[in-house]
There are 2 protein chains.
Amino acid sequence: MLPESEHAITSTDKTFLLLRKDIVEGVISSGSKLSETELSTNYSVSRAVIREAINRLESCHLVESKANVGARVVSISTEGLMELYQVREALEGMAARLAAINMTDDEIADLNTLLGTHFQTVKEGQTYYQEAGDLDFHYRIILGSKNSQLISILMDSIYHLIRMYRVQLGMSGPRVTTAFGEHKQIVQAISNRDAELAEMLMRRHILYSKNSLQLKLSGKLQAKMKAL
Amino acid sequence: MLPESEHAITSTDKTFLLLRKDIVEGVISSGSKLSETELSTNYSVSRAVIREAINRLESCHLVESKANVGARVVSISTEGLMELYQVREALEGMAARLAAINMTDDEIADLNTLLGTHFQTVKEGQTYYQEAGDLDFHYRIILGSKNSQLISILMDSIYHLIRMYRVQLGMSGPRVTTAFGEHKQIVQAISNRDAELAEMLMRRHILYSKNSLQLKLSGKLQAKMKAL
DNA sequence: TATCCCTATATTGTCGACAATTATGGTAAA
DNA sequence: TTTACCATAATTGTCGACAATATAGGGATA
C-alpha cells in the first residue's frame, strides 16, 4: 500500500478549484450570473459537475443562488468587507489565544525563524512581505490553534472571500510598514505562552488592518467622485 | 406579482432538511455511513437529490465525505465539542459586542421583555427555560449583530452541530439555575450600549457553559468506567 | 495458517435527457 | 405610450443509465 494515500481528486474538485480561482481573481466578475450550461461548455464537464462545484462555492459564501433562478457571484460592498474583518478579528483572535497554548516549542521556533526572514526582506526594502509573507504568518498561527473548526472556517471560506474583495476593490496587500512590528509583538506573546496578550494583539492587528482598508476605500471613493 | 415571493422550496431542500433533522436528532447515528442508493430509496428521491443534500450537510460540518468512498456522519468526541464552544465563544462574543452597537432601541426593548417572561418561568419553577428560552435569547443577540457573515456561520452550521452533540452525548439543555443571571447581565450591558462589557460577559457565559458541559461529560465517563 | 493477488460485487462519479419553472418578447387593450 | 397578458424560449430541477473506483471474498502460494 502507498505510504499515505491522499484522497483522490475528482473532476468536480478540479472544476471547483478552477471556478474559485477565476472568481477570486476577478476573471468572473462579482455580481455576474453563473449559467450552468455556459460553464459546462467552457470547462468541458457535465452540468452535474458544475452544479456540485457551484454548491461548494455557495458554502464558501462566494456565490449566492436562488431556486429555479440560478447562482450569482456575491456582489461586493465596503460594508461586506468590514463584516468579514469583524468575523476575522473574532476568529483569529481566538486562534492566536489557542496557538499560544497549543503550539509546540518547535512550531514556535519555526514561527520566530519566519519572522526573521521577514525582517530581512523588510530591511532590504523588498515588497515580497506584502502578500505572501503576511498570509504565511497568519496561516501558521491559525493552524497552530489546533482547532479544526476554526481552521476550516478561516481557511476554506473567509480567506478566499477576503482575497476576492481585495482583488475586486483594487486593493493591494496589507499595510507594509507597520505590520511587521505588530507581527513581532504577537510572536513574542505566543513565545511567552501569554494567551490573553496574543489574542489582544492579534485583534488589534486585524482592527488596524480593517481601519486602514476603510481609509483606502473612502479615498478611492472620493477619487471617483472627483473624476465626475 | 405576489407581495414578497419567498424563494421556492425544491425537493433537494426538503430532503436536506429531513436528513439534517434525522442526523441532529440521532435517528441516523453519528459515525454511520450515508449510502446514496439506500437514502435515495428511503427518502424516495433520486441519487442526484441525495448527493446535493449530502453536499450541503458537509458544508455544515455535519458529515464528512471522501472521494470514491462516500460520506459518514461526523463522529463525536468531547474534544470536538470543546472546539465548537471555543469558536462559539469567539463568534458570539463578537455578536454581543456588535449587538450593543447595532440593535435598535425597539429590539433591545423586546429583548428585555423576553428576559422578563423568562424570569416568570424561572420563578414558577418551570423547565421551559432550559431549551427553547436559552436558544431564543442567543438567537436574538446573534441576529442583533446585523453581521450577515456572523449570522450565517452560527445559525447555519454551529448551532446544528452543537445540538447534534448534545443529543448524541445524552446531555439535556444548558445549565438552568445560574444562566438566567448571566443573561440578565448581558442584556443590561447591551441596554447600556456597552459593547466591550457585552462581549466580555457573553464570552464568560459561554465559557461557563463549556466548563459545565465538560464536567458533566467527565462524570458520565466515570459512571461508564464504574459500570465495567 | 498467514499473506498476497485476482476476480466479482457494490458504491460513487459523470453524463445526457426530460420535467418543471422562470425569463423573454410580442400582441392587444386601455 | 403604457400596461397586462400570453406563447415561446431559455434555464434550472430531477431522473435513470453508464463509467470509474473502491470494497469483499476466494483461491493460490509460501
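Throughout, a chain's letter reflects where its sequence line sits, starting with A, and its residues are numbered from 1. From a predicted model like this one, the values you see are computed outputs, not experimental measurements.
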Check the orientation of A:His205 and A:His138. Use parallel for under 30°, tilted for 30 to 60°, and perpendicular for over 60°. parallel

Please state how far atom CD in B:Glu38 lies from atom P in C:dT11, giving the value in whole angstrom units. 8 Å

Charged N to carboxylate O under 4.0 angstrom, A:Arg203 versus B:Glu199? yes

ring-ring contact (aromatic ring centres under 6.0 Å, His included) contacts in which one or both residues fall within residues 151-170 of chain B, not counting sequence neighbours: B:Tyr139-B:Tyr159

Sugar-phosphate or base contact per nucleotide [nucleotides 11-23 of chain D; S, B, -; heavy atom under 4.0 Å]: SBBBB-B---SSS

Donor-acceptor pair, side chain of A:Ser145 and main chain of A:Ile141, under 3.5 angstrom: no

Please check this pair: side chain of B:Glu83 against backbone of A:Ser148, looking for a donor-acceptor N/O pair closer than 3.5 Å. yes

